[in-house]
Student: 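Here you go, one structure.
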Amino acid sequence: MYTETTQTLRLSGSGDTKEGAFNKIFSQIKHVVARQTNDLVVRIEPVGVSIVSATEIVKHERFLGLFFPRKRTRYDITVDIQVRLGLVQVENITFQQQTETTAGMGQLVRQR
């Protein structure tokens, strides 16, 4: 019923800071794992991270081409994350079935 597996996910994220790019990557883990499995995910533990690509893009901008020069930096990171998953296989659970009926008119009349 409860199983543990290990998967490797390839995720990418971008942000104004390196930490922001990694935060976007780690926030995707739960959604990606939930899409890939039909079982109930009860635990997700990142085990390893390896960088596939990391890019720093620096853009120099000026207002109207002359004024207020500024430098904007964006970080794009692609990583392979190895995660250990704790899964409950819901399909293998056997449920006992009980049926209940709503109150009939006779029971309502007796209560008055």
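Starting from 1, each residue takes its place in the sequence as its number.
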Student: With a 4.5 Å cut-off on side-chain heavy atoms, are I51 and V79 touching?
Tutor: yes
Student: Give the table of side-chain donor-acceptor pairs shorter than 3.5 Å for residues 34-44, with sequence neighbours excluded, one pair per line with atom names and distance.
Tutor:
unit_1	atom_1	unit_2	atom_2	d
T37	OG1	D39	N	3.2
R43	NH2	E45	OE1	3.4

Student: Which heavy atom of A21 sits nearest to which heavy atom of Y75, and what is that distance?
Tutor: CB-O, 3.9 Å
Student: Does E91 have more than 12 heavy atoms from other residues, nucleotides or ligands lying within 6.0 Å of its CD?
Tutor: no
Student: Return the OG1 to CG distance between T5 and L85, rounded to the nearest 0.5 Å.
Tutor: 4.5 Å
Student: Nearest 0.5 angstrom please: I77 CD1 to E56 CD, how far?
Tutor: 10.0 Å
Student: Quick one: pull up CD in Q7 and CD in Q82 and give me the separation to the nearest 0.5 Å.
Tutor: 10.5 Å
Student: Determine the sole option in I29, V49, T8 for which the side-chain contact (heavy atoms from CB on, under 4.5 Å) test with V83 is passed.
Tutor: I29
Student: How far does CZ of F22 sit from CG of L11, to the nearest 0.5 angstrom?
Tutor: 11.5 Å
Student: Please report the closest heavy-atom contact between R74 and S14, naming both atoms and the distance.
Tutor: NE-CB, 4.3 Å
Student: Specify the closest pair of heavy atoms between E4 and G86, including all atoms of both residues, with the distance to one decimal.
Tutor: CG-CA, 4.4 Å
Student: What closest approach, in Å, do H31 and S27 show between heavy atoms, and which atom pair accounts for it?
Tutor: CD2-O, 3.5 Å
Student: If you look at every heavy atom in I93 and Q89, which pair is closest and at what distance?
Tutor: CG1-O, 3.8 Å
Student: Would you compute the distance between atom NE2 of H60 and atom NZ of K71 and round it to the nearest 0.5 angstrom?
Tutor: 6.5 Å
Student: Determine whether V32 and I25 fall in the same hydrophobic cluster, where Ile, Leu, Val, Met, Phe, Trp and Tyr are linked whenever their side-chain heavy atoms lie under 4.5 Å apart.
Tutor: yes
Student: Measure the CZ-CZ distance between R70 and R72 for me, rounded to the nearest 0.5 Å.
Tutor: 4.5 Å
Student: In this structure, would L87 and M1 fall into the same cluster of hydrophobic residues linked by side-chain contacts under 4.5 Å?
Tutor: no
Student: Would V33 end up clustered with V88 when hydrophobic side chains under 4.5 Å apart are linked, directly or stepwise?
Tutor: no
